[in-house]
Amino acid sequence: MSDEKIKEEKSLNFLEEIIDEDIRCGKYKTIVTRFPPEPNGYLHLGHASSICLNFGLTKKYPGYTNLRFDDTNPEKEETEYVDSIKEDVRWLGFEWKHEHYASDYFDTLYEFAVKLINKELAYVDDSSSEDMAAGKGTPAEPGTNSPYRERTVAENLDLFTRMKNGEFPDGSRTLRAKIDMANSNMLMRDPVLYRIKHAHHHRTGDKWCIYPMYDMAHGQSDSIEEVTHSICTMEFVAHRELYDWLIEKLGIYPSRQYEFARRNINYTVTSKRKLLQLVTEKHVDGWDDPRMPTISGLRRRGYTAESIREFCERIGVAKRDNMVDVGLLEFCVREHLNRIALRRMVVFNPLKVVITNYPGEGEMLVSENNPEDPAAGTREIPFSNELFIESDDFMENPPKKYFRLAPGQMVRLKSAYIIRCEEVVKDAGGKVTEVRCTYVAESRSGNDTSGIQVKGTLHWVSARTAISAEIREYDRLFRTENPADEEGDFKEYINPASLNTITTAVAEPELAKAKFEERYQFLRKGYFCLDKDTSPSRLIFNRTVTLKDGWAKETKKKS
RNA sequence: UGACCUAUGGUGUAAUGGUAACACAACUGAUUUUGGUUCAGUCAUUUAUGGUUCGAAUCCAUAUAGGUCAACCA
């Protein structure tokens, strides 16, 4: 009941308000939205936002969402991208009603163009792109009419047909809308509608050598599909006038365009051009490098679809410029992973601990898989007199409030015993190579009768049964909040320490059974998942995100 | 020297003329066999100046700041 109340009270974003009103006043009974990527790159966090928005709207209101590929520029588009986009949208948890391609409408779009010519609203222009640019004027000064603007309908029809038939070379002619060269909106100054490109298209092959421009394809595709709410980012605001003009002049279904501000996220870049550069210039390991803000990169990194959806939900939608803190994304994934991740113990940088008074061969101890979820059950962990702990968890001369192991100090080994450090063994160089401890036999987890209270609990791995693993620790890809905005090349701001590979790690034997679809929390270390580079002889884990580290914060403050 | 868009805490969003709300971050403290989790608390007179009004974050005017637009890209 209270949930319902909260749901009802949650305020609507501006798009939901528009739709709410459209439905209330009877303008629409059901709505249609669409996610319209150009298949020229992999989907990233920015797209996730748009996907969640478009699909979210038709989850909330009656209607459906289409997936449409805006494939009107054959030179940049590839089937590989189409496939990855479909995979990513599905992985995010959404299913589209219809799968469309702007290229499916090339015939119809061509007819639309002919219609405009017949209505004297479009003409073939022989100007070079330089002359055309010069004729556009500037935002402050009107442009001048093209010398080809007054061609007759017959002449335009003939020329446009011949453009289609391949009689002219690339760039020699265009079809332009005849609107107003003095319009304060530059886009209304006789925009180009069609251009000649003798290029192979990933779907239509060599059938066409003229291709529609964005403005001649996008709104018309929306209209053909009877999209009611065509949602795009703010940089298209100026296009709306042309979008509406074309729909009106063509007399076709009146789709409406609405704009929202693109979500920017700090310490990363989300322009396809820049992401492509990172890949082709090998600054990263491919589109799915775990440091990339791509959906495939986040997936490989261990992010869950649920956490990405939650992130998009939390940042909301509005029309002002913004810079979202990547910390919120990290919060969302921690929140989810804390609920579902299986706890395991892995020591990254081992230091040997010998329990001098521990009798016998060893024993099996029991530990919970997830303290947040009793249903996750327990597992057995072997214990013996020779263990590894984290090198960072021992200090010979500890600072104040250091709750870990130090000479004479006691700690608990997680799910095992309390130990006390009795002796430090060093090599010739003075480096600590071994710590010798005694254990408190009555302090075993579950039936501790020792009465001893300790401040610190450490993760550990028994030496004899330990398995080795490689750990890949990822950090943010850039050193600055807004690399795209900095002086010079954005690549100068790449974080040189964005990947730290650890080859010395030892893990509890349970991890030999690690699965790709499983998520793990390595106790006191962070959240991890198995990487696709894992082989039968080598376990490789990616760090999705660290745990919050209060001690690190504390020590940083002091230094 | 134009047109258009935007302006609420460090960040992202609410408040639809009537008590500035939520989340993240940060900071206190408590709990804790993960320095995690959890819990309790602290953290803004809404870009500025006028105006309308009993009452303005909200409406109006002006200013200021940021952004977008002059691809045969999308």
Side-chain angles (χ1 to χ4, degrees), chain A residues 10-13 17 36-38 40 70-73 75-77 102 125 127-129 132-143 170-176 183-187 189 191-197 210-211 213-215 217-218 232 234-241 259 261 263 266 272-273 314-325 327-332 334-335 338-339 343 345 367-368 371-372 401-404 411-416 418 443 445-446 448 454-459 521-526 546-555:
Chain A
K10 191 172 184 268
S11 54
L12 304 176
N13 65 47
E17 261 172 32
E38 182 187 13
N40 67 344
D70 235 341
D71 55 352
T72 57
N73 186 0
E75 286 163 345
K76 290 187 181 171
E77 296 150 7
D125 195 325
S127 305
S128 66
S129 64
M132 213 183 284
K136 280 254 178 181
T138 71
E141 306 157 34
D170 287 6
S172 59
R173 287 184 165 83
T174 57
L175 182 73
R176 287 229 259 173
N183 199 299
S184 59
N185 181 350
M186 298 294 289
L187 273 156
R189 321 246 266 222
V192 172
L193 265 22
Y194 262 91
R195 77 284 214 188
I196 303 172
K197 258 184 212 277
I210 56 170
Y211 292 94
M213 296 287 289
Y214 168 83
D215 291 294
H218 199 101
C232 62
M234 294 295 283
E235 55 269 34
F236 291 96
V237 168
H239 291 254
R240 189 176 59 232
E241 197 178 353
E259 310 88 8
R263 318 334 312 240
N266 59 10
K272 275 190 194 169
R273 212 192 92 251
R314 279 180 187 251
I315 58 185
V317 59
K319 299 181 88 140
R320 57 175 160 165
D321 293 332
N322 59 79
M323 179 66 79
V324 181
D325 192 341
L328 183 61
L329 212 212
E330 293 172 350
F331 167 82
C332 291
R334 279 193 193 103
E335 188 189 42
N338 181 47
R339 293 199 315 263
R343 311 297 134 121
M345 294 201 283
S367 191
E368 69 275 14
E372 307 296 318
K401 285 166 78 179
Y402 184 83
F403 303 145
R404 309 176 186 184
V411 295
R412 155 140 346 245
L413 295 176
K414 172 68 183 174
S415 296
I418 290 171
S443 67
S445 286
D448 182 351
V454 294
K455 285 278 205 167
T457 301
L458 307 185
H459 63 285
Q521 184 198 101
F522 294 170
L523 243 55
R524 304 206 301 136
K525 285 300 197 178
T546 59
L547 255 25
K548 271 209 266 176
D549 191 344
W551 174 243
K553 214 180 273 176
E554 189 77 15
T555 49

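Lettering of chains follows the sequences in order, A, B, ..., and the numbering in each one begins at 1.
Distance A/Asn185 CG to B/rA70 C1': 11 Å, rounded to the nearest Å. Between the C1' atom of B/rC72 and the CG atom of A/Asp215 lies a distance of 13 Å, rounded to the nearest Å. Between the NZ atom of A/Lys401 and the P atom of B/rG29 there is a distance of 8 Å, rounded to whole Å. Taking atom CZ on A/Phe403 and atom P on B/rU34, their separation rounds to 13 Å, with Å as the unit. Atom CG of A/Asp549 and atom P of B/rG36 are 8 Å apart (whole Å). Spacing between atom CG of A/Leu329 and atom P of B/rA25 amounts to 13 Å, rounded to whole angstrom units.
The aromatic rings of A/Tyr214 and A/His239 lie perpendicular to each other, with more than 60° between the two planes, well past the 30° mark.
Closest contact between the side chain of A/Met234 and the listed nucleotides B/rC5, B/rU13, B/rU33 involves B/rC5. Distances from the side chain of A/Lys197 to the nucleotides B/rC24, B/rC73, B/rA70 place B/rC73 closest. Of the candidate nucleotides B/rC24, B/rC72, B/rA14, B/rC24 has the atom lying nearest to any side-chain atom of A/Phe331. You'll find that the side chain of A/Lys76 is closest to B/rC73, out of B/rC73, B/rA74, B/rU34. Listed nucleotides: B/rA14, B/rA71, B/rA74. Nearest to the side chain of A/Asn13: B/rA14. When distances run from any side-chain atom of A/Thr72 to the nucleotides B/rA74, B/rU13, B/rU37, the shortest one goes to B/rA74. Of the listed nucleotides (B/rA23, B/rA71, B/rA26), B/rA26 has the atom at the smallest distance from the side chain of A/Lys553. Of all nucleotides listed (B/rG12, B/rA3, B/rA70), B/rA70 comes nearest to the side chain of A/Lys136. Nearest nucleotide to the A/Lys414 side chain, out of B/rG12, B/rG35, B/rU33: B/rU33. Comparing atom distances between the A/Met186 side chain and each of B/rG12, B/rC69, B/rC72 picks out B/rC69 as nearest.
Panel note: side chain A/Lys272, backbone A/Glu38; a donor-acceptor pair is recorded below 3.5 Å. Using modelled atom types, no side-chain atom of A/Arg524 and backbone atom of A/Met345 make a donor-acceptor pair closer than 3.5 Å. At least one donor-acceptor pair closer than 3.5 Å links the side chain of A/Asp71 to the backbone N or O of A/Ala102.
In this structure, B/rG2 forms a base pair with B/rC69, meeting either the Watson-Crick or the G-U wobble geometry with both donor-acceptor distances under 3.5 Å. In this structure B/rC59 sits in a base pair with B/rG51, meeting the Watson-Crick or G-U test at under 3.5 Å. B/rA21 is paired with B/rU13 under the criterion used here, namely a Watson-Crick or G-U wobble arrangement in which both key atom distances are under 3.5 Å. In this structure, B/rU64 and B/rA7 make a Watson-Crick or G-U wobble pair, each of the two defining distances being under 3.5 angstrom. Remark: B/rC39 base-pairs with B/rG29. Criterion, Watson-Crick or G-U wobble with two distances under 3.5 Å.
Residue-level contact check: A/Val454 touches neither bases nor backbone, having no heavy atom under 4.0 Å from any strand. Using a 4.0 Å heavy-atom distance criterion, A/Ser127 is classed as a base contact. Using a 4.0 Å heavy-atom distance criterion, A/Arg343 is classed as a base contact. If you check every strand for non-hydrogen atoms under 4.0 Å, A/Arg334 touches nothing. Nucleic acid contact for A/His239: base, since at least one base atom lies under 4.0 Å from a heavy atom of the residue. Across all strands shown, A/Glu141 has no heavy atoms under 4.0 Å from either base or sugar-phosphate atoms.
Side-chain N/O atoms of A/Arg524 include one lying less than 4.0 angstrom from OP1 or OP2 on B/rG35. For A/Lys548 and B/rU37, the shortest distance from a side-chain N or O to OP1 or OP2 is below 4.0 Å. For A/Lys319 and B/rA7, the shortest distance from a side-chain N or O to OP1 or OP2 is not below 4.0 Å. Proximity of A/Arg195 to the phosphate of B/rA74: a side-chain N or O atom is located under 4.0 Å from OP1 or OP2.
Centre separation under 5.5 Å together with a plane angle under 30° holds for the ring of A/Trp551 and the six-membered base ring of B/rG35, marking them as stacked.
Across A/Ile196, A/Leu193, A/Ile210, A/Asp125, a single residue satisfies side-chain contact (heavy atoms from CB on, under 4.5 Å) together with A/Thr174, and that is A/Asp125.
Between A/Arg343 and A/Ser367, every side-chain heavy-atom pair lies at or beyond the 4.5 Å cut-off.
For the residue pair A/Asp70 and A/Glu77, the shortest heavy atom distance occurs at O-OE2, 3.5 Å.
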